[in-house]
Amino acid sequence: MLQIYNTLTRQKEYFRPIHEGHAGMYVCGPTVYGDAHLGHARPAITFDLLYRYLLHLGYKVRYVRNITDVGHLEHDADEGEDKIAKKARLEQLEPMEVVQYYTNRYHRDMEALNVLPPSIEPHASGHIIEQIAFVQKILDKGYAYVSDGSVYMDVEKYAKDYPYGKLSGRNLEDIVTDTRELDGQSEKKHSYDFALWKKAAPEHIMHWPSPWSEGFPGWHMECSTMGTKYLGEEFDIHGGGMDLMFPHHEAEIAQSCAALGHESVHYWMHNNMITIAGKKMGKSYNNFITLEQFFKGEHELLSKPFAPMTIRFFILMAHYRSTVDFSSEALEAAEKGYARLQEAYNRLQKLQAGAETSVEVSGLREKCAEAMDDDLNSPIVLQHLFDSARAINTVYDGKGSISAADLDELRKVWKDYAVDILGLRLEEQGAGDENRKAFDGAVDLLLDIRLDAKRNKDWGTSDRIRNALTELGFKIKDTKEGYEWSL
RNA sequence: GGUCGGUUGCCCGAGUGGUUAGGGACCGGUCUGCAAAACCGGGGACAGCGGUUCGAAUCUGCUACCGACCUCCA
């Protein structure tokens with residue numbers, strides 16, 4: 001039975017859905033004012049893994065991942081400028097043009113990483129009316145106040161009735177003493193009050209009418225609003241990066257409790273950060289590498305381009321709650337490991353069944369299930385797949401055998417866990433369109449000629465063909481029967 | 001400063017009381033015209049100092065170092 005680590009309780013809990021057979025999950029998506037980097041790949045892949053596993057377990061899943069296209073402010077909640085608007089002005093584009101541009105590119109990168117699209121991908125800008133209604137509810141309940149056209153959460157009042165800070169393990173006193181004094185907070189009662197609605201400054205391009213002012217929603221509003229709109233006032237899982245725990249998710253809890261009188265989320269899940277030389281990779285650290293740069297190898301820290309599946313595999317090699325430290329060396333190791341898995345998968349499809357099974361293949365499905373049930377332990381699943389790869393290679397080498405029933409099961413387990421759950425694109429090699437068939441045939445022909453040359457001990461011709469193909473990027477392997485090749 | 005987390009072999013990275021993690025690199029062997037791949041075997045690790053225990057990488061205390069959040073952030 002699936003256990004997931006709930007940040008709320010700081011322990012692993014059995015997943016018990018609110019509605020039998022259904023699972024609702026909400027994940028904080030990207031702010032679309034820049035290209036996706038490795039850090040965006042982490043939550044996308046982590047929660048893709050969860051989504052895929054829930055589907056595998058037979059749940060009907062509604063997966064909501066938002067697009068943040070309004071409301072995140074440049075510097076602080078009071079003086080900042082809407083990020084999207086700023087970028088738009090700089091580039092002389094319509095705000096929605098910027099949003100569309102980066103959304104398209106985000107989708108392209110996610111598709112490359114084999115991240116399944118969510119069931120619903122709501123835009124904050126498309127839910128202004130709902131957000132205004134949500135703010136109004138909080139006002140009606142008396143947990144917010146209007147000040148100069150903006151609406152703020154009355155955190156002090158809220159904290160008297162609800163435990164504020166429970167998710168991130170803070171209490172109000174800590175927050176009081178630790179919150180930096182910022183300029184221009186005069187319109188807030190307390191520094192820790194956060195904006196639910198902000199009056200737009202004249203230079204703002206993106207703003208909407210509301211009962212309080214022409215403005216835009218506070219940056220935590222969209223998740224509370226859209227999460228409950230599409231998943232219900234209570235739903236199962238909310239995910240996101242650890243850096244969002246405070247204040248973003250804490251504020252979400254406060255907003256939901258204030259408006260609805262109860263919490264919305266049963267399981268809070270947080271993926272850890274990606275580091276680069278031990279430091280967090282992030283937009284504001286100027287040390288981030290975009291996914292496109294990875295795919296093209298265009299960054300000084302990268303020794304070469306890395307395929308999307310290498311990135312995915314690299315991220316799955318570590319547990320989602322651990323930090324994972326990036327280096328070109330680590331990625332190269334991942335690349336080789338992935339190739340080994342790919343090779344084993346290809347061979348698995350070609351294996352011939354024997355009378356009995358002499359290699360250790362039993363219990364693979366159970367072991368993989370056990371690992372996934374244990375808070376999505378993808379590294380352990382990979383460990384089992386590698387163990388299985390050894391068995392496959394043994395049989396492939398003719399040093400062992402496998403029965404028809406075991407072979408069939410093995411193929412199914414690999415399909416289920418490696419392809420469907422881990423989301424590795426192992427089976428899309430050389431799928432047969434006409435061009436590809438002709439191409440394969442041509443390469444086979446060359447290697448047949450080489451084989452003849454070898455039989456005639458014409459090493460010159462033999463090596464010439466192998467070297468030339470290797471030069472072009474082919475990998476040639478001699479086997480007892482003849483040869484194998486791959487690109 | 002407050003809160004939380006981490007420190008595992010050459011590198012990445014699992015593991016929570018006793019049993020081989022796994023991957024990459026490296027070394028040796030088998031195979032091979034050579035090579036590659038594959039297979040077999042190998043060495044090496046649990047930050048430091050105490051404590052609990054028959055037994056600790058795993059529990060506990062202290063120390064050192066690193067990081068995250070507290071401010072936009074995945």
Side-chain angles (χ1 to χ4, degrees), chain A residues 7 10 27-31 33-34 36-47 68 72-77 80 83 165 168-171 173-180 182 192 219 239-248 250 270-275 278-285 288 313-314 317-319 321-327 329-341 343-344 347 371 377-387 389-390 392-394 396-400 454 457-459 462-463 466-467 470 475-480 483-484 486:
Chain A
T7 309
R10 312 260 161 185
V27 173
C28 290
T31 302
Y33 68 97
H37 55 77
L38 237 208
H40 291 96
R42 190 97 198 260
I45 289 170
T46 296
F47 294 106
T68 295
H72 280 222
L73 306 178
E74 189 69 26
H75 292 299
D76 61 72
K83 274 184 177 172
S168 53
R170 285 154 216 268
N171 56 49
E173 293 85 73
D174 291 339
I175 296 168
V176 172
T177 53
D178 297 339
T179 302
R180 234 171 35 178
L182 300 166
Y192 45 72
W219 69 285
M242 264 185 178
D243 50 344
L244 296 178
M245 225 157 81
F246 189 90
H248 184 55
E250 204 72 73
H270 292 95
N271 62 274
N272 214 319
M273 303 290 102
I274 282 182
T275 59
K279 300 270 191 219
K280 190 174 93 167
M281 173 185 286
K283 281 172 192 161
S284 41
Y285 291 74
F288 69 90
F313 179 81
F314 176 65
M317 284 251 287
H319 187 263
R321 282 191 289 116
S322 301
T323 56
V324 56
D325 196 50
F326 157 83
S327 69
E329 191 186 7
L331 264 185
E332 282 178 48
E335 186 174 51
K336 286 176 188 167
Y338 182 67
R340 191 169 142 84
L341 225 46
E343 188 67 39
R347 290 178 173 180
N377 202 330
S378 54
I380 298 293
V381 176
L382 287 169
Q383 175 193 321
H384 294 316
L385 289 174
F386 276 112
D387 287 343
R390 184 168 297 129
I392 290 167
N393 286 331
T394 302
Y396 188 81
D397 262 21
K399 290 169 182 162
K454 279 176 68 180
K457 300 205 189 299
D458 177 3
W459 310 128
S462 162
D463 287 351
R466 184 177 66 193
N467 293 342
T470 303
K475 285 182 181 140
I476 311 297
K477 295 173 196 168
D478 287 353
T479 63
K480 279 184 287 297
Y483 56 82
E484 273 180 10
S486 61

> When all nucleic acid strands are considered with a 4.0 Å heavy-atom cut-off, which category describes A:Lys475: base, sugar-phosphate, or nothing?
Replying inline: nothing
> Between which residue ranges does RNA chain B form stems of three or more consecutive Watson-Crick or G-U wobble pairs, both distances under 3.5 Å?
Replying inline: B:1-7 with B:64-70, B:10-12 with B:22-24, B:26-30 with B:38-42, B:47-51 with B:59-63
> What nucleotide, of B:rG22, B:rC73, B:rA21, holds the atom closest to the side chain of A:Trp219?
Replying inline: B:rC73
> Can you find a heavy atom in the side chain of A:Arg321 that is under 4.5 Å from one in the side chain of A:His270?
Replying inline: no
> Side-chain N or O of A:Asn377 less than 4.0 angstrom from OP1 or OP2 on B:rA21?
Replying inline: no
> Looking only at heavy atoms, what is the nearest atom pair of A:Asn272 and A:Ser322, with distance?
Replying inline: CB-O, 3.3 Å
> Rounded to whole angstroms, how far apart are NE2 on A:His40 and C1' on B:rC73?
Replying inline: 8 Å
> Got a salt bridge between A:Lys477 and A:Glu343, using NZ or NE/NH1/NH2 to carboxylate O under 4.0 Å?
Replying inline: yes
> Is it the case that A:Arg347 and A:Asn393 place a side-chain donor and acceptor less than 3.5 Å from each other?
Replying inline: yes
> So, A:Phe386 and B:rG23: ring centres less than 5.5 Å apart, planes less than 30° off, yes or no?
Replying inline: no
> Does a distance-only test, which skips hydrogens and angles, find a donor-acceptor pair under 3.5 Å between the side chain of A:Arg466 and the base of B:rA36?
Replying inline: no
> Side chains of A:Val324 and A:Arg42: closer than 4.5 Å at any heavy-atom pair?
Replying inline: yes
> With sequence neighbours excluded, what pairs up with A:Phe313 under the ring-ring contact (aromatic ring centres under 6.0 Å, His included) test?
Replying inline: A:Tyr338
> Which is true for A:Gly39 with a 4.0 Å heavy-atom rule: it touches a base, it touches only sugar-phosphate, or it touches nothing?
Replying inline: base
>> With nearest nucleotide decided by heavy atoms, which residue, A:Thr275 or A:Thr394, maps closer to the 5′ end of RNA chain B?
In response: A:Thr394
>> Base, sugar-phosphate or nothing for A:Lys336? Non-hydrogen atoms, less than 4.0 Å.
In response: sugar-phosphate
> Touch check for A:His37, heavy atoms < 4.0 angstrom, all strands: base, sugar-phosphate only, or nothing?
Replying inline: base
> Taking CZ from A:Arg42 and C1' from B:rA68, how many angstroms apart are they, rounded to a whole number?
Replying inline: 13 Å
> Closer to the 5' end of RNA chain B via nearest nucleotide, is it A:His319 or A:Asp387?
Replying inline: A:His319
> Quick one: A:Met242 CE to B:rG5 P, roughly how many Å, whole number?
Replying inline: 9 Å
>> Using a distance-only criterion (donor-acceptor N/O pair, under 3.5 Å, no hydrogens), is the base of B:rG33 paired with the side chain of A:Ser462?
In response: yes
> Taking atom C1' in both B:rA37 and B:rU32, what distance in whole Å separates the two?
Replying inline: 11 Å
>> Checking A:Phe326 now: which residues fulfil ring-ring contact (aromatic ring centres under 6.0 Å, His included) with it, not counting sequence neighbours?
In response: A:Phe294
> Out of B:rC12, B:rG24, B:rA36, which nucleotide sits closest to the side chain of A:Asp478?
Replying inline: B:rA36
> For the base of B:rC40, is there a side-chain donor-acceptor partner from A:Arg390 under 3.5 Å away?
Replying inline: no
>> Within 45 degrees of the ring normal and closer than 6.0 Å to the centroid, is that where the cationic atom of A:Arg340 sits relative to A:Phe386?
In response: no
>> Expressed as a whole number of angstroms, how long is the span from A:Glu329:CD to B:rG24:P?
In response: 14 Å
> A:Lys477 NZ to B:rA36 P: how many Å, rounded?
Replying inline: 13 Å
> Rounded to whole angstrom units, what separation is found between the CG atom of A:Asn271 and the C1' atom of B:rC4?
Replying inline: 16 Å
> Is there side-chain contact between A:Met317 and A:Leu382, with heavy atoms separated by less than 4.5 Å?
Replying inline: yes
>> Give me the distance, rounded to whole Å, that separates B:rA14 from B:rG23 when you measure between the P atoms they each carry.
In response: 15 Å
> Across the strands shown, which category fits A:Asp463 at heavy-atom distances under 4.0 angstrom: base, sugar-phosphate, nothing?
Replying inline: base
>> Does A:Arg347 reach a base, just sugar-phosphate, or nothing at all? Heavy atoms under 4.0 Å.
In response: sugar-phosphate
>> If I pick the C1' atom on B:rG51 and the same atom on B:rG2, what distance separates them, to the nearest angstrom?
In response: 29 Å
> Considering only the P atoms, how many Å lie between B:rG41 and B:rA47, rounded to the nearest integer?
Replying inline: 29 Å
> A:Met273 near the nucleic acid: base, sugar-phosphate alone, or nothing, with a heavy-atom cut-off under 4.0 Å?
Replying inline: base
> Once you round it to whole Å, what is the distance between C1' of B:rC40 and OH of A:Tyr396?
Replying inline: 19 Å
> Hey, does A:Ile274 reach any base, or is it just sugar-phosphate, or nothing, if we go heavy atoms under 4.0 Å?
Replying inline: base
